[in-house]
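Below, each value reflects all heavy atoms present in this structure, side chains not excepted, and no hydrogens, waters or symmetry copies.
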Amino acid sequence: MRYELIIFDNDGVLVDSEPISNALLAAYLTELGHPTSYEESLHDYMGAAMHRVHDLVEERTGERLPADFDDVFHARVFAAFARELEPVPGAVQVLEKLAADGVPYCVASSGSHERIRVGHRKTGLDRWFDEGRVFSSQDVGRGKPAPDLFLYAAERMGVAPEKCAVVEDSPLGVRAAVAAGMDVYGFTAMTPAGRLVGATRLFSYMDQLAELLV
């Protein structure tokens with residue numbers, strides 16, 4: 001394999017959480033007086049850290065979200081995850097292939113460490129990710145589209161950025177990977193290919209990924 005490290009986004013790439021979390025986010029923002037559709041939530045917030053939600057709402061309306069917004073939202077998300085969350089089809093097979101071939105991998109997510117762990121425990125992906133393979137936007141000063149998180153993950157894993165491949169499904173994540181100087185494989189299961197500008201390659205089904213990385 002040409003890469004020394006594969007860096008996975010989490011939401012929408014490893015766990016099929018984007019439909020759940022964006023439906024809940026749109027509903028909660030609407031409940032608070034900021035009408036938001038599911039499609040608008042995907043467009044504006046998919047792949048972003050929570051501070052982007054706060055920043056965009058304040059920029060657009062001049063109003064700040066409640067101080068407990070994150071806590072209430074995550075409580076709703078975690079309850080829904082417990083009922084509904086599944087791994088992205090094909091994700092387990094990709095991880096099995098990388099592990100069998102001895103290719104290092106990790107996850108670098110805009111979500112919190114708690115959100116990553118809750119999702120991984122529910123889907124059984126926790127067996128593939130010990131603490132040394134999990135990185136969150138909580139670990140760095142700026143989330144995606146800044147390159148900080150991917151650069152931090154590569155540094156912690158001991159691999160030069162140009163030897164890394166990132167697997168992403170959001171425009172913000174693709175921009176972050178490109179800014180980090182890494183190849184990025186854009187997963188188009190939920191995002192139109194035209195929005196993943198800058199991706200090295202595009203693919204539609206996770207079981208295609210292993211062949212593309214060779």
With the side chain counted from C-beta on, respond yes when [X] and [Y] share a heavy-atom pair under 4.5 Å apart, and no when they do not.
X      : Y      : result
Leu65  : Glu58  : no
Thr188 : Leu196 : yes
Ile20  : Leu85  : yes
Pro87  : Asp16  : no
Leu32  : Tyr28  : yes
Glu86  : Val15  : no
Leu25  : Thr36  : no
Met190 : Met46  : yes

Taking all atoms of both residues into account, what is the closest heavy-atom pair of [X] and [Y], and its distance?
X      : Y      : answer
Val13  : Ala91  : O-CB, 4.1 Å
Ala154 : Met182 : CB-CE, 3.8 Å
His120 : Phe129 : CE1-CD1, 3.6 Å
Leu149 : Ser136 : CD1-O, 3.4 Å
Val184 : Gly198 : CG1-O, 3.9 Å
Leu213 : Ala165 : CD2-CB, 4.1 Å

Just by modelled atom types, is the [Y] backbone N or O under 3.5 Å from a matching donor or acceptor in the [X] side chain?
X      : Y      : value
Asp101 : Val103 : no
Glu40  : Ser37  : yes
Arg2   : Val214 : yes

Would you call the rings of Tyr185 and Tyr3 parallel, tilted or perpendicular if under 30° counts as parallel and over 60° as perpendicular?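 It falls in the perpendicular class, over 60°.
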Using the ring of each side chain (for Trp, its six-membered ring), is Phe81 parallel, tilted or perpendicular to Phe78, with breaks at 30° and 60°? tilted
Do Arg133's NZ or CZ and the ring of Tyr105 fall within the cation-pi criteria of under 6.0 Å and 45°? yes
Can you measure from [atom1] ([X]) to [atom2] ([Y]) and round to the nearest 0.5 angstrom?
X      : Y      : atom1 : atom2 : result
Tyr152 : Ile7   : OH    : CD1   : 12.5 Å
Asp207 : Gln93  : CG    : CD    : 7.5 Å
Thr191 : Leu202 : OG1   : CG    : 10.5 Å
Trp128 : Leu95  : CH2   : CG    : 6.5 Å

Would a hydrophobic clustering, with Ile, Leu, Val, Met, Phe, Trp and Tyr connected at side-chain separations under 4.5 Å, put [X] with [Y]?
X      : Y      : value
Val166 : Leu209 : no
Met157 : Val94  : no
Leu14  : Leu212 : yes
Val88  : Val167 : yes
Val118 : Val107 : yes

One pair to check against side chain to side chain contact (heavy atoms under 4.5 Å, CB included): Phe203 and Met206. What are the steps and the verdict? CA-CA 8 Å; Phe203 68 107; Met206 192 55 65; 3.9 Å; yes
Name of the residue among His54, His74, His51 meeting ring pair (Phe, Tyr, Trp, His ring centres under 6.0 Å) with Phe69: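 Between Phe69 and the candidates, ring pair (Phe, Tyr, Trp, His ring centres under 6.0 Å) is satisfied uniquely by His54.
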Report yes or no: do Tyr45 and Asn22 form a side-chain donor-acceptor pair below 3.5 Å? no
Run the side chain to side chain contact (heavy atoms under 4.5 Å, CB included) test on Val134 and Arg117 for me, step by step, so that the C-alpha distance in whole Å, both residues' side-chain angles and the decisive distance to 0.1 Å come before the verdict. CA-CA 9 Å; Val134 178; Arg117 283 303 180 198; 3.3 Å; yes
Worked verdict on Asp44 versus Arg60 for salt bridge (Lys or Arg N to Asp or Glu O under 4.0 Å): CA-CA 12 Å; Asp44 290 341; Arg60 291 168 174 174; 2.9 Å; yes
Between [X] and [Y], is there a side-chain N and carboxylate O pair less than 4.0 Å apart?
X      : Y      : value
Glu168 : Lys144 : yes
Glu31  : Arg76  : yes
Glu211 : Lys97  : no
Arg121 : Asp126 : no

OH of Tyr38: more than 12 outside heavy atoms within 6.0 angstrom?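 Atom OH in Tyr38 is packed in, count exceeds 12.
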Heavy-atom count check: over 12 atoms from other residues, nucleotides or ligands less than 6.0 Å from Glu96 CD? yes
Please identify which of these residues, Ser110, Ser109, Ser21, Ser170, meets the side chain to side chain contact (heavy atoms under 4.5 Å, CB included) condition with Asp11. Ser109
Pair His113-Asp139, side chain to side chain contact (heavy atoms under 4.5 Å, CB included): steps then yes or no: CA-CA 9 Å; His113 279 281; Asp139 301 326; 2.9 Å; yes
Cys106 and Phe8: side chain to side chain contact (heavy atoms under 4.5 Å, CB included), yes or no, with the steps? CA-CA 6 Å; Cys106 65; Phe8 290 93; over 6 Å; no
Side chain to side chain contact (heavy atoms under 4.5 Å, CB included) with Val159: which residues, sequence neighbours excluded?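 With neighbours one apart ignored, the set is Glu4, Leu5, Lys163, Cys164.
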